[in-house]
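Chain identifiers are assigned alphabetically (A, B, ...) following the order of the sequence lines, protein sequences preceding nucleic acid strands; residue numbering begins at 1 within each chain. Everything numeric in this text was worked out from a predicted model, so none of it was measured.
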There are 2 protein chains.
Amino acid sequence: MSRSPQPYACGVDAAIDVISGKWKAYILWRMADGPKRFGELRRLVPGITERVLIRHLRELEADEIVLRTEFAQVPPKVEYSLTPAGVALNAALEPLADWGHERMDRIAAARQPATRTG
Amino acid sequence: MSRSPQPYACGVDAAIDVISGKWKAYILWRMADGPKRFGELRRLVPGITERVLIRHLRELEADEIVLRTEFAQVPPKVEYSLTPAGVALNAALEPLADWGHERMDRIAAARQPATRTG
DNA sequence: CGGGATCCATCAAGATACTG
DNA sequence: CAGTATCTTGATGGATCCCG
């Protein structure tokens with residue numbers, strides 16, 4: 001998926017397209033409790049590289065999910081926060097999160113090729 | 001995204017991982033009103049190739065979202081239907097679909113690089 | 001009809017290094 | 001601190017041909 005130039009058949013397509021980045025949903029989740037700085041997000045999303053983080057942030061910004069606020073200061077400071085649309089998206093994600101939560105290990109199991117008992 | 005071997009941080013990750021295929025949500029949507037045959041799905045999802053369709057179907061099957069039923073007949077017949085988990089997933093997708101529906105053109109606009117008036 | 005196999009294009013994502 | 005630039009790779013999606 002991801003940013004197909006085609007018109008969407010239904011709302012799901014569009015929504016999925018917005019959050020189908022590898023870490024996007026996770027980033028949104030982390031921003032739910034308030035604005036975050038770049039460095040904060042990097043720490044909150046272990047394993048992500050700056051390049052990927054900034055890229056996801058930019059895409060989310062383009063989709064009006066997050067708001068980037070730049071402070072003109074001597075030590076650079078930028079804050080990323082959820083827009084109203086972002087808050088609404090997070091809310092819409094809740095049932096999905098719930099569904100995913102109870103099926104999480106089933107899903108994880110499907111991604112393990114073998115049983116690997118030893 | 002897609003089928004990361006890592007454990008999920010939250011339910012959203014897992015859910016997104018399940019439906020982040022290019023056509024997966026759309027396929028699920030189409031199966032909501034009853035079992036579909038392979039050829040039907042191919043017609044219902046215009047533009048998809050057999051390879052990609054079967055691949056998505058297999059993955060959804062592995063995630064226990066769809067059930068594949070094979071009929072031992074002279075003309076081969078296979079039916080794909082939603083499992084209970086698949087039905088629940090579709091239900092959980094509704095708020096997201098709603099969100100996506102009202103922001104659809106905003107999202108589509110973000111994917112258009114320029115204004116292209118001419 | 002319902003797939004499988006192979007080859008290919010694209011792009012998201014990761015590693016690393018550098019800058020204002 | 002908050003990015004940017006370049007290179008590489010692996011996954012996803014697509015085209016085409018073949019088979020039971």
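The CG atom of A:L60 sits 7.5 Å away from the CE atom of A:M31 when rounded to the nearest 0.5 Å. Taking CH2 of B:W23 as the reference point, atom CG of B:L57 lies at 14.0 Å (rounded to 0.5 Å).
Look at B:E79 and B:R68 and you find no salt bridge, because none of the NZ, NE, NH1 or NH2 atoms lies under 4.0 Å from a carboxylate O. A salt bridge links B:E59 with B:K24; the closest basic N to acidic carboxylate O contact falls under 4.0 Å.
The CG-C1' distance, from A:L53 to D:dC1, rounds to 13 Å in whole Å. One atom, CD1 of A:I54, and another, C1' of D:dG3, lie 6 Å apart when rounded to the nearest Å. Computed from coordinates, the B:L41 CG to C:dG2 C1' distance equals 12 Å when rounded to whole Å. Separating the CD atom of A:Q73 from the P atom of D:dA2 is a distance of 10 Å, rounded to the nearest angstrom. Between the NE2 atom of A:H56 and the P atom of D:dG3 there is a distance of 15 Å, given to the nearest Å. Taking atom CD1 of A:I19 as the reference point, atom P of C:dA12 lies 16 Å away to the nearest angstrom. One interatomic measurement links the two molecules: NZ of B:K22 to C1' of C:dC11, which rounds to 11 Å at whole-angstrom precision. We find that CZ of A:R58 is positioned 9 Å from C1' of D:dA2, with the value rounded to whole Å.
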Across nucleotides 15-20 of chain C, 5' to 3', mark each nucleotide with B, S or - according to how protein heavy atoms within less than 4.0 Å reach it. B----B
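No side-chain donor-acceptor contact under 3.5 Å links B:Y26 and A:D13.
Residue A:Y80 is classed as a sugar-phosphate contact, given heavy-atom separations below 4.0 Å to backbone atoms only. Residue-level contact check: B:R37 touches the backbone only, with heavy atoms under 4.0 Å from sugar-phosphate atoms and none from bases.
Residue A:R68 has its side chain nearest to D:dG3 when only D:dG14, D:dG3, C:dG3 are considered. Among the nucleotides D:dG14, C:dA13, D:dG3, the one closest to the side chain of A:R55 is C:dA13.
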Decide yes or no on salt bridge (charged side-chain N to carboxylate O under 4.0 Å, His left out) for B:R111 and A:D17, but give the supporting numbers first. CA-CA 10 Å; B:R111 275 133 193 82; A:D17 206 17; 2.9 Å; yes
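The two residues A:A110 and B:A62 make their nearest non-hydrogen contact at CB-O, 3.4 Å.
Residue A:R43 is the one, among A:R43 and B:V52, whose nearest nucleotide of DNA chain D lies closer to the 5' end (criterion: closest heavy atom).
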